[in-house]
2 protein chains.
Amino acid sequence: MAYDFDIYIKQHINLSDEDVQLMRSMSLEKTAHRKEILLKPGDVCRYKMFIISGMVRLYRTREDGSEHIMHFATENEWMTEPESLNHGTPTTYYIEALEDSHLLLWTKRDFTQLCVAIPQLKTYSEDIIAKNLAMTRERVFNTMSATAEERYDDFIRDYPDVFNRIPLHMVASYLGVSLKTLTRVRQAQVKR
Amino acid sequence: MAYDFDIYIKQHINLSDEDVQLMRSMSLEKTAHRKEILLKPGDVCRYKMFIISGMVRLYRTREDGSEHIMHFATENEWMTEPESLNHGTPTTYYIEALEDSHLLLWTKRDFTQLCVAIPQLKTYSEDIIAKNLAMTRERVFNTMSATAEERYDDFIRDYPDVFNRIPLHMVASYLGVSLKTLTRVRQAQVKR
DNA sequence: GTAAAACGGGGACAAATGTCCTCTTTCAGG
DNA sequence: CCTGAAAGAGGACATTTGTCCCCGTTTTAC
């Protein structure tokens, strides 16, 4: 139910019932089925997305068809492709629903308007970007300096819920290793 | 000379002379010598920094002492550690001057004040963060999916000036490969 | 000006990882 | 409920990359 959004948003930024109603009134409600592509290369990303239920992933492919996952988002998390959304330029990313999902969408224009009406929302959304940057820097550091096994353990520690809901080949794709390497890491751990 | 800042900032956000004077009046001017450490793990990052001349790098180390470079900044670029600056928490990064450098510094408080007085500055600084996020995501993708040679070529193409001012072992450290691997890549290219 | 450190190429070898393949098992969708 | 696709383990082998050396040159700092 979309009520979950009301509860979530009130907990995270102190909003009046009227503010929540305002946000809801400008949102688009959407359901996406498992494997539905919500954004693909060449598209312009039009929405900021809040996940009420389900799960989506952000990924890119190389010319050889290999997929590389940048981000997962589950219940009560946000997803967008800011580069394309902000500048109105074609994206290079895919966004795909990994489960049947229930979403709320806002266009850039509506969200900007909301930020004017609700200053806390502006602060909150800036915070999300800054956190994303810190996370992504952390990930660069890990990818460069940690072994496949360390990164695998970190992933399970940091995203246990995601881990339990996705196939292993997507874990591999997120970690930046082949499925083979992941299998080997897991096998080595079983033997201990 | 610090005049460079005036020219730069006027070109990038349309400021009146008074606004520039206001920014300058709240800045701290600092010179740093080559190899000077401006921030180290455990410190709280107090400043946003503009590089008038010289060059700085942002990097982290692992327990084994290995260095991993996250970012370089040269003339007319900004540097800070936003995670620590924003939350007042101890950083895990180093910032080091790679050349004798001439810097302008603003505390978080002063910069926030300036953003209130100069709204364009706020927009500009948000833009810088968003660009940083896009860049860092790009880098995750490259680190995961491109070969050492591709990343090396990309680095030279994207940062030719930086490339010409740093030793090769720092290029390796930025690319996330050993100096040996970099040497091999370069050797292979000579032979073609 | 000089001693020490930094730089960076190269050999030998080991470890990590990828590719290609096969073979079960599980699961999704009509 | 049935069927084809997806998932994932594992073997064989090649490739990439790292580590540990050594060594000659260049640069830095006093």
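Both backbone and side-chain heavy atoms feed into the values below; hydrogens, waters and symmetry mates do not. Numbered from 1 within each chain, the chains take letters A, B, ... in sequence-line order.
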query: Are any side-chain N or O atoms of W78(B) and backbone N or O atoms of I128(B), one a donor and one an acceptor, separated by less than 3.5 Å?
result: no

task: Using atom NZ of K180(B) as one end and atom P of dG9(C) as the other, report the distance to the nearest whole Å.
output: 10 Å

query: Atom CG of L179(B) to atom P of dG9(C): distance rounded to whole Å?
result: 7 Å

field: Salt-bridge contact R165(B)-E75(B) (side-chain N to carboxylate O under 4.0 Å)
entry: yes

- request: Establish, with yes or no, whether the OP1 or OP2 oxygen of dG29(C) is under 4.0 angstrom from a side-chain nitrogen or oxygen of R34(A).
  value: yes

message: Between P on dA7(D) and CG on L98(A), what's the gap in Å once rounded to a whole number?
response: 11 Å

- prompt: Counting side-chain heavy atoms from CB outward, which of dA29(D), dG18(C), dA7(D) is closest to H169(A)?
  reply: dA7(D)

- prompt: Can you check whether T181(B) has a side-chain N or O nearer than 4.0 Å to OP1 or OP2 of dT17(D)?
  reply: no

task: Would you mind reading off the distance between M144(A) atom CE and dT17(D) atom C1', rounded to a whole angstrom?
output: 16 Å

task: Indicate, with a heavy-atom threshold strictly under 4.0 Å, whether R186(A) touches base, sugar-phosphate, or nothing.
output: sugar-phosphate

- prompt: Between Q187(B) and dG10(C), is there a side-chain N or O to OP1/OP2 distance below 4.0 Å?
  reply: yes

- prompt: Who are the ring-ring contact (aromatic ring centres under 6.0 Å, His included) partners of Y174(B), not counting sequence neighbours?
  reply: F72(B), F155(B)

- request: Please report the C-alpha distance between T107(A) and R46(A) in whole Å, then the side-chain angles of each, then the deciding distance to 0.1 Å, and finally whether the side-chain contact (heavy atoms from CB on, under 4.5 Å) criterion is met.
  value: CA-CA 6 Å; T107(A) 63; R46(A) 295 287 175 205; 5.6 Å; no

- line: Residues C45(B) and S84(B): closest non-hydrogen pair is N-OG, 2.8 Å

query: Salt bridge check: are E150(A) and R62(B) linked by an N-O gap of less than 4.0 Å?
result: yes

query: So what is the end-to-end bend of the helix from dG1(C)-dC30(D) to dG30(C)-dC1(D), with 5 pairs used at each end and the value given to 10 degrees?
result: 80°

- request: Return no unless some side-chain N or O of T183(A) is found under 4.0 Å from OP1 or OP2 of dA9(D).
  value: yes

